[in-house]
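Residue numbers start at 1 and run along the sequence shown. Heavy atoms only: backbone and side chains are in, while hydrogens, waters and symmetry mates are out.
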Amino acid sequence: MGSYVLRRVLQMIPVFFGTTFLIFVMVYTLPGDPVVALFGDKAADPSVVANIKHTYYLDQPLWKQYLHYMGNLFQGDFGTSFTGRPVADIMADAFPVTIRLALLAFAFEIVVGLAFGVVSGLKRGSIADTLVLVLTLVVISIPVFVLAYIAQTVFATNLGWTTPTVQDSYDLTQLVLPAVVLASLSLAFVARLTRTSIGENLRADYIRTATAKGLPRRTIITRHLLRNSLIPVITFLGTDLGALMGGAIVTEGIFNVQGIGNVLYRAINQKEGPTVVGIVTVLVIIYLVASLLVDLLYAVLDPRIRYA
C-alpha cells in the first residue's frame, strides 16, 4: 500500500504543475492585459501601468512569471491582489463559508441520493422506482439557477421558512436551502448511479451463492451487495466534493453567500489574475487529494482489490 501511495503522489506532481500552468496561461494571456483593464474606460498612464506590471512581475516572460509564482506558492505565498490585499487572506475569509456549504450539500447528496438509489435498485419496476427515476430526471433537466429561484419562491417567499438570501454566511441554518440546491444535480446522479450498480450486482454470481447458502437478506444487502455496488458511487462522490466547491459560484451568487464562489466570480469580472489563480490552485489540490483518497477507499470496499 505504501508504494502505491508513493506512486500516486508522484503521478500527481506533473498533473498539478500542468494544470496550474494552463490556468496561469489562460488567466494572464487570453483575457488581454489585466493591468490596463483595471483602469476601465479611463486612459492609463504608461508609467503607472509599467510600475504596476513591475510590482506584480507581469513585465517578465510568462514562464518566468509562472516560476516566480510557484516559488512563492511553495513558501505559502499565494500572491497579492491588485487591491493590495494578500490572496491568502481573501481565501481565508471566504473558504470556510464555502467549505460549510459544500459539506452540507455533500451530506445531503450522500444521505438522500444513496437512500433513493438503494430503494430504487432493490425495488426495480415498483412505484418507488418509477418515482425516483422521474424525480431525478426532472432535477437533471432543470438548470441550477432556475431551481434556485424556484426554491427561493416556494420556501422563502411563499412558505416563509427561510429568507430569500443568506443574511449571515456563517449561520449553518441559513445555508441549508443553498446547500440543497447545490446538491440537487449531484444527488440525482448518485441516485441513478446507485440504482444501476445495485441492479447489476443483484444478478451477480456471488449474490446467488450467498442466497443459496441461506444468509439473511439483510446480511446479503449490507455486507455483500452494498459494498460492491458503492465502488462507482464512491468514485463519483470523491471528485464531486471539489466540483461542489467550484460549482458554488452560481448558487452563492443567487443566495448571496459570501464564499469562495462569490469571490471567484468577482475576481473573474474584474480580471483579478492573482486572486483567480490562487483560488483555482487550491481547488486543483482539493481535486487531486480527493482522487487519491477515492483510490485508497477501493481496497476498503472491495477485498479483491489489493495494491502492490
Side-chain angles (χ1 to χ4, degrees), residues 85 88-119 131-132 135-136 138-194 233-234 236-269 275 279 282-283 285-287 289-290 293:
R85 189 181 180 193
D89 291 349
I90 297 175
M91 292 191 296
D93 290 340
F95 254 115
V97 176
T98 299
I99 289 173
R100 289 186 180 92
L101 178 63
L103 289 179
L104 274 176
F106 195 63
F108 183 74
E109 171 187 344
I110 291 176
V111 174
V112 180
L114 286 179
F116 281 3
V118 170
V119 171
L131 287 175
V132 169
L135 180 62
T136 53
V138 170
V139 172
I140 292 172
S141 303
I142 301 177
V144 174
F145 64 90
V146 175
L147 189 62
Y149 286 121
I150 293 174
Q152 283 180 324
T153 303
V154 173
F155 297 105
T157 305
N158 294 342
L159 297 178
W161 290 356
T162 184
T163 55
T165 57
V166 174
Q167 308 300 318
D168 182 5
S169 297
Y170 289 91
D171 186 353
L172 285 178
T173 59
Q174 295 188 33
L175 294 178
V176 171
L177 187 59
V180 171
V181 172
L182 180 61
S184 59
L185 181 60
S186 298
L187 182 152
F189 284 125
V190 167
R192 283 177 165 260
L193 188 59
T194 304
V233 181
I234 291 295
F236 176 82
L237 289 173
T239 56
D240 192 54
L241 182 58
L244 288 175
M245 299 185 69
I249 295 177
V250 176
T251 307
E252 288 185 356
I254 294 174
F255 287 97
N256 191 38
V257 180
Q258 301 304 310
I260 207 68
N262 238 330
V263 173
L264 184 58
Y265 176 74
R266 290 196 300 268
I268 292 173
N269 279 341
T275 306
I279 292 173
V282 174
L283 292 177
I285 295 173
I286 293 173
Y287 267 106
V289 172
L293 292 177

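Looking at Gln167, its side chain does come within 3.5 Å of a backbone N or O of Thr165 through a donor-acceptor pair. At least one donor-acceptor pair closer than 3.5 Å links the side chain of Glu252 to the backbone N or O of Asn262. Of the possible donor and acceptor atoms, one in the side chain of Gln152 sits under 3.5 Å from a partner among the backbone N and O of Pro164.
A distance of 11.5 Å separates CD1 in Ile234 from CG in Asp240, rounded to the nearest 0.5 Å. To the nearest 0.5 angstrom, Leu103 atom CG is 15.0 Å from Phe108 atom CZ. Interatomic distance, CD1 of Ile279 versus CD1 of Ile260, reported as 4.0 Å (0.5 Å rounding). Ile150 contributes atom CD1, which lies 10.5 Å from atom CZ of Phe145 (distance to the nearest 0.5 angstrom). From Leu185, atom CG reaches atom CD of Glu109 across 9.0 Å, with rounding to the nearest 0.5 Å.
The shortest heavy-atom contact between Ala156 and Thr163 is CB-C, 3.8 Å. Shortest non-hydrogen contact noted between Ala105 and Ala183 is O-CB, 3.2 Å. Of all heavy-atom pairs spanning Ile254 and Ala148, the tightest one is CD1-CB, 3.7 Å. When all heavy atoms are compared, the tightest approach of Val139 to Ser184 is CG1-O, 3.3 Å. A pairwise comparison of heavy atoms in Thr98 and Gly261 identifies OG1-N, 3.9 Å as the closest pair. Here the shortest heavy-atom pairing between Leu244 and Ala102 reads CD1-O, 3.8 Å.
Put simply, the side chain of Leu175 does not reach to within 4.5 Å of the side chain of Phe255, judged on heavy atoms. In this structure, Leu135 and Phe116 have side chains that are in contact, with non-hydrogen atoms separated by less than 4.5 Å. Residues Phe95 and Val263 have side chains not in contact (no heavy-atom distance under 4.5 Å, counting atoms from C-beta outward). Considering only heavy atoms from C-beta on, Phe236 comes within 4.5 Å of Ser186 through its side chain. A 4.5 Å side-chain heavy-atom check between Val190 and Val233 finds at least one atom pair inside the cut-off. By the 4.5 Å heavy-atom criterion applied to side chains, Thr162 and Val176 are not counted as neighbours. By the 4.5 Å heavy-atom criterion applied to side chains, Thr251 and Val257 are not counted as neighbours. Residues Gln258 and Tyr170 are not in side-chain contact: their nearest non-hydrogen atoms beyond the backbone lie 4.5 Å or more apart.
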Item to check | Full working for side-chain contact (heavy atoms from CB on, under 4.5 Å) between Thr275 and Ile90 | outcome: CA-CA 8 Å; Thr275 306; Ile90 297 175; 4.2 Å; yes

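When the shell of 6.0 Å around OH of Tyr265 is examined, it contains 12 or fewer heavy atoms from other residues, nucleotides or ligands.
Put simply, the residue from Leu101, Leu182, Leu237, Val111 that forms a side-chain contact (heavy atoms from CB on, under 4.5 Å) with Phe106 is Leu237.
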